[in-house]
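When reading the values below, keep in mind they use all heavy atoms of this one structure, side chains included, and skip hydrogens, waters and symmetry mates. Because the structure is predicted, anything quoted here is derived from the model rather than measured.
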Amino acid sequence: MTLAYSLLDVFADSPFQGVQVPVVSLNGQALSDEHKQALASEFLQSETVFIDASSEAEPVSVFNSKGRCLFGAHTILAASYVAYEQGLVIDKGKYSTLTFTQQKQVVESFIDKQENGPGAIQYSRTLAPTIDRYTPEIAQLAGLLNTEERHISFSKYSPMVVSVDRPVFVVPFTRPEHVIAASPNIERWSELAGQVYTPQIFLFSPGSITGQTQFHGRLLNMDQPRDDLPPIGSIMPEFIAYLAEQTATAPGTHIFSIDRGSMTTRKSILHAEFDKRSGREVRCRIGGNVIKMGKGELFYPTLTT
């Protein structure tokens, strides 16, 4: 059996930047979760997207080497790009749409049209976050993140645990270089029983490593290598909900961009906007550029369910 795949650079303004996302086209071939997990592990990327136009129940899914994943911003954009190429979207004139459901919530993406293929892609969601303001003291945070207390910001922003799709501990820093230099202290994390309420920490600061954004961000997991810089698209709903929750954020529409990576790694630029209204529900839109870097075939002769 041969399966076609595309390799995309997502949230990239130029080739060899952003997040690499493979997208596998199943073309009606039914695959078990175990087969998708095995194929995802072959790519050695953070996640792999699977598209099956013949499946009404699950036309798109995401897996990594550990199993099924929730969609994040980078995988939504990757799925939208390939769905557009395959004619699986709804034509709206100047743009096309792709709609699917995740955790009982509708996710809708909008793909601009260009003469040579898909243009900029954006998706929208309505967020109903849960907020927990109980977090460790600043000295404990500094020890947890192997940084100095003065590098953690408590002026405009404050640490919070925010949950939309998953709980994320959001910690504000003063400068991007301190975000990049931070690293998780697993022993301190265990002492604080951090694993009880969130497996992920998102560090951010005002400023930019690309000179093109208002924020810089980094996602930390306790089991990742010290210098790893994983994609941040998966926790953008939590970060947007965090910004909307701040008392300094006035009601209305807010637009911002955030970059990820370092000057020596693949840099990503994510664009977002959100509407803050009365109540906690937040309407948001997240988007960026996708560059197709290659396509190929996977040979998998033992496809049985």
Asks: Carefully, step by step, assess L243 and Y157 under the rule side chain to side chain contact (heavy atoms under 4.5 Å, CB included).
Replies: CA-CA 8 Å; L243 292 178; Y157 304 104; 3.9 Å; yes
Asks: Step by step, work out the side chain to side chain donor-acceptor pair (under 3.5 Å) result for S257 and Q214.
Replies: CA-CA 6 Å; S257 55; Q214 289 75 50; 3.1 Å; yes
Asks: Look at the side-chain heavy atoms of Ile, Leu, Val, Met, Phe, Trp and Tyr, link any pair under 4.5 Å apart, and say whether W189 and L145 land in one connected group.
Replies: yes
Asks: Find out whether I232 and L270 are in side-chain contact, i.e. whether some heavy atom of one side chain is under 4.5 Å from a heavy atom of the other.
Replies: yes
Asks: Under 3.5 Å, which donor-acceptor pairs do the side chains of residues 77-84 form with other protein atoms, sequence neighbours left out?
Replies:
unit_1: S80; atom_1: OG; unit_2: I76; atom_2: O; d: 2.8
unit_1: S80; atom_1: OG; unit_2: S109; atom_2: OG; d: 2.7

Asks: So does E42 have more than 12 non-hydrogen atoms from other groups sitting under 6.0 Å from CD?
Replies: no
Asks: Is the side chain of Q122 donor-acceptor paired with the backbone N or O of I286 at a distance under 3.5 Å, no angle test?
Replies: no
Asks: Return all side-chain donor-acceptor pairs below 3.5 angstrom for residues 20-28, not counting sequence neighbours, or 'none' if the list is empty.
Replies:
unit_1: Q20; atom_1: OE1; unit_2: Q45; atom_2: NE2; d: 3.1
unit_1: S25; atom_1: OG; unit_2: Q86; atom_2: NE2; d: 2.5

Asks: Please give me the minimum heavy-atom distance between V89 and I111, naming the atom from each residue.
Replies: CG1-CD1, 4.0 Å
Asks: Show every donor-acceptor pair shorter than 3.5 Å between a side-chain atom in residues 159-167 and any protein atom, with sequence neighbours excluded, or say none if there are none.
Replies:
unit_1: D165; atom_1: OD1; unit_2: R125; atom_2: NH2; d: 3.0
unit_1: D165; atom_1: OD2; unit_2: R125; atom_2: NH1; d: 2.7
unit_1: R166; atom_1: NH1; unit_2: S234; atom_2: O; d: 2.7

Asks: According to ring-ring contact (aromatic ring centres under 6.0 Å, His included), does anything in residues 3-29 pair up with another residue at least two apart or in another chain? List the pairs.
Replies: Y5-F43
Asks: Taking side chain as C-beta onward, heavy atoms only, is R260 less than 4.5 Å from V19?
Replies: yes
Asks: Are the side chains of N221 and I201 in touch, meaning some heavy atoms are under 4.5 Å apart?
Replies: no
Asks: May I ask you to test the Q29-L31 pair for a side-chain heavy-atom distance under 4.5 Å?
Replies: yes
Asks: Any side-chain heavy-atom pair from D52 and P59 closer than 4.5 angstrom?
Replies: no
Asks: Decide whether L70 and M236 are clustered together by the hydrophobic rule: side chain heavy atoms of Ile, Leu, Val, Met, Phe, Trp, Tyr closer than 4.5 Å, transitively.
Replies: no
Asks: How about V106 and F100: do any of their side-chain heavy atoms sit closer than 4.5 Å?
Replies: no
Asks: Considering only residues two or more places apart or on different chains, which pairs with a residue in residues 233-256 satisfy salt bridge (charged side-chain N to carboxylate O under 4.0 Å, His left out)?
Replies: R133-E245, E245-R280
Asks: Measuring only between side-chain heavy atoms, which start at C-beta, is S205 closer than 4.5 Å to H216?
Replies: yes
Asks: Do P231 and S46 come within less than 4.5 Å of each other through their side chains, counting heavy atoms only?
Replies: yes
Asks: When hydrophobic residues are tied together by side-chain contacts of less than 4.5 Å, even through go-betweens, does I51 share a cluster with V107?
Replies: yes
Asks: Please check this pair: side chain of R266 against backbone of G18, looking for a donor-acceptor N/O pair closer than 3.5 Å.
Replies: yes
Asks: Identify, with sequence neighbours excluded, every residue that meets side-chain hydrogen bond (donor to acceptor under 3.5 Å, both in side chains) alongside S61.
Replies: K36
Asks: Indicate every side-chain donor-acceptor pair of residues 168-182 with a distance under 3.5 Å to a residue at least two apart or in another chain.
Replies:
unit_1: T174; atom_1: OG1; unit_2: H151; atom_2: O; d: 3.4
unit_1: R175; atom_1: NE; unit_2: E177; atom_2: OE2; d: 2.5
unit_1: R175; atom_1: NH2; unit_2: E177; atom_2: OE2; d: 3.2
unit_1: H178; atom_1: NE2; unit_2: H151; atom_2: ND1; d: 3.2

Asks: Please, which pairs that meet ring-ring contact (aromatic ring centres under 6.0 Å, His included) have at least one residue in residues 242-290, sequence neighbours excluded?
Replies: F204-Y242, F215-F256, F239-F256, H254-F274
Asks: Mind checking the CG-CG spacing from L203 to L141? Nearest 0.5 Å is all I need.
Replies: 10.0 Å
Asks: List the residues meeting side-chain hydrogen bond (donor to acceptor under 3.5 Å, both in side chains) with T126, not counting sequence neighbours, and say none if there are none.
Replies: R283
Asks: Apart from Y95 itself, what residues make up its hydrophobic cluster, given side-chain heavy atom links below 4.5 Å?
Replies: F110
Asks: Got a sec, which pairs hit salt bridge (charged side-chain N to carboxylate O under 4.0 Å, His left out) with one end in residues 60-87, sequence neighbours left out?
Replies: D33-R68, E58-R68, K66-D223, E85-K292
Asks: Can you list the residues that meet the side-chain hydrogen bond (donor to acceptor under 3.5 Å, both in side chains) rule with S262, with sequence neighbours excluded?
Replies: T264, T265
Asks: Any idea which heavy atoms bring P15 and D9 closest together, and the distance?
Replies: C-OD2, 3.9 Å
